[in-house]
Amino acid sequence: MLETIALWLFGIGLAFDVLGCIGLVRLPDVYNRAQASTKCVTLGTTMILVATGLFGVGGNWPLFIKSILCAVFLLMTAPVGAHAICRSAYVSGVKLADVSVEDAFTQRARTIRAEHRQRADEIEKNLREVEKSEEAEA
Amino acid sequence: MNGSSQRKLARLLMLFLMSFALWELLFWSLNFWVVLVGILLSFFVAIGIGPRLPAGIEKLFNPVRWLYLVIYIPYFFYYCVRANLDVAIRVIHPDVPIRPGIVKVHTSLESDLAKAFLANSITLTPGTLTIDIDGQDLYIHWINIQTDDYQKRCDEIVGRFEPLLRRIFE
């Protein structure tokens, strides 16, 4: 019984993974592609992990626990990764695809860029001071 | 010992116990060396990341909140599967029917932990992906913008998770 469920979960999980990969190719820009890869691939992989775990129920409990833990970590980290990729893509100037209908992030991205520039300037200033003091010592 | 350092110690102890439990779950062995290395590593982990934990994490040790977390998981899973089917249909449809864009929504959640969970949940649900959080405003990439109304958007994106997350984290 459990094995049947596990095999079904394997199949469905694989199907979601494949759809995620198709989405990666067919959707227009970074942001839409990140959508396909975070959603479909995360759920697909989680299902495969849970299915693997189901094979451990009854005899091989460590297998069950390990795969469930992996699933939990995957669910917690995948969205963070997608968020980081999309945010940095936008801040570094990757445009939205032409089909996009709205963009509310422009202003905020400008602020972030200004902050980054300020920080970079500060670092450069500090470096220059260090160089100067080293020269003075020499 | 005053109240705040006592709380800090309790935090470190909780963190230590959690790391050690995780270690034991992964190793599934009570071999002397496994336990010893586990204790040492958990100790360093607790000392290393204890001071960096977000404020208000002690609230999570309340069992009532765990109950809401247990309700939240299937609730979240339902929307997660729905989101996947939605995106999957868009992907295999010959015309790729998308109407993407970045929208701004407002959340009433205040603690960092709750907002982090909200952002993660949003990313894993119906065609939405959190790009940035600025105070209580969330910038979200939506694969299919359905409405121009600000309030409806907030209800659609954050409304379904807010009540439960508030009970869990705030």
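Proteins come first, then strands; the chains are lettered A, B, ... in the order of their sequence lines, and each starts at number 1. Values below: every heavy atom of this structure, side chains too, minus hydrogens, waters and symmetry copies.
Counting heavy-atom pairs closer than 4.5 Å to chain A, the top-ranked of the candidates B:V103, B:D134, B:L26 is B:D134. Comparing A:Y31, A:Y90, A:F105 by heavy-atom pairs within less than 4.5 Å of chain B, the highest count is held by A:F105.
Scanning both residues, A:C40 and B:V87, for their nearest heavy atoms gives SG-CG1, 4.2 Å. When every heavy atom of B:H141 is checked against every heavy atom of A:N32, the shortest pair comes out as CE1-OD1, 3.1 Å.
Of the inter-residue distances, the one linking B:H93 atom NE2 with A:R26 atom CZ reads 9.5 Å to the nearest 0.5 angstrom.
Residue B:F43 qualifies as open at atom CZ: its count of foreign heavy atoms under 6.0 Å is 12 or below. Counting heavy-atom neighbours within 6.0 Å of A:E115 CD, excluding the residue itself, gives a total above 12. Atom OH of B:Y68 has 12 or fewer neighbouring heavy atoms from other residues, nucleotides or ligands inside a 6.0 Å radius.
Residue A:A109 does not touch chain B at all, counting heavy-atom pairs closer than 4.5 Å. Contacts between A:I22 and chain B at a heavy-atom distance below 4.5 Å involve backbone atoms as well as side-chain atoms. When heavy atoms are compared at a cutoff of 4.5 Å, B:I73 does not approach chain A at all.
Contacts between residues 120-132 of chain A and chain B, defined by a heavy-atom separation under 4.5 Å, are made by no residue at all. Within residues 11-20 of chain A, the residues having any heavy atom less than 4.5 Å from a heavy atom of chain B are, in residue-number order, A:F16, A:L19. For a heavy-atom cut-off of 4.5 Å, chain B lies close to A:W61, A:P62, A:I65, A:K66, A:L69, A:F73, A:L75, A:M76, A:P79, A:V80, A:A82, A:H83, A:C86, A:R87 in residues 61-88 of chain A. Residue-level contacts of residues 42-49 of chain A with chain B, in order of numbering, are A:T42, A:L43; threshold 4.5 Å between heavy atoms.
With A:R108 contributing its side chain and B:Y139 its backbone, the two residues share no donor-acceptor pair below 3.5 Å. Looking only at distances, no side-chain donor or acceptor of A:D103 sits under 3.5 Å from a matching main-chain atom of B:I102.
Cluster membership for B:Y79 and B:L129, using ILVMFWY side-chain heavy atoms within less than 4.5 angstrom, is not shared.
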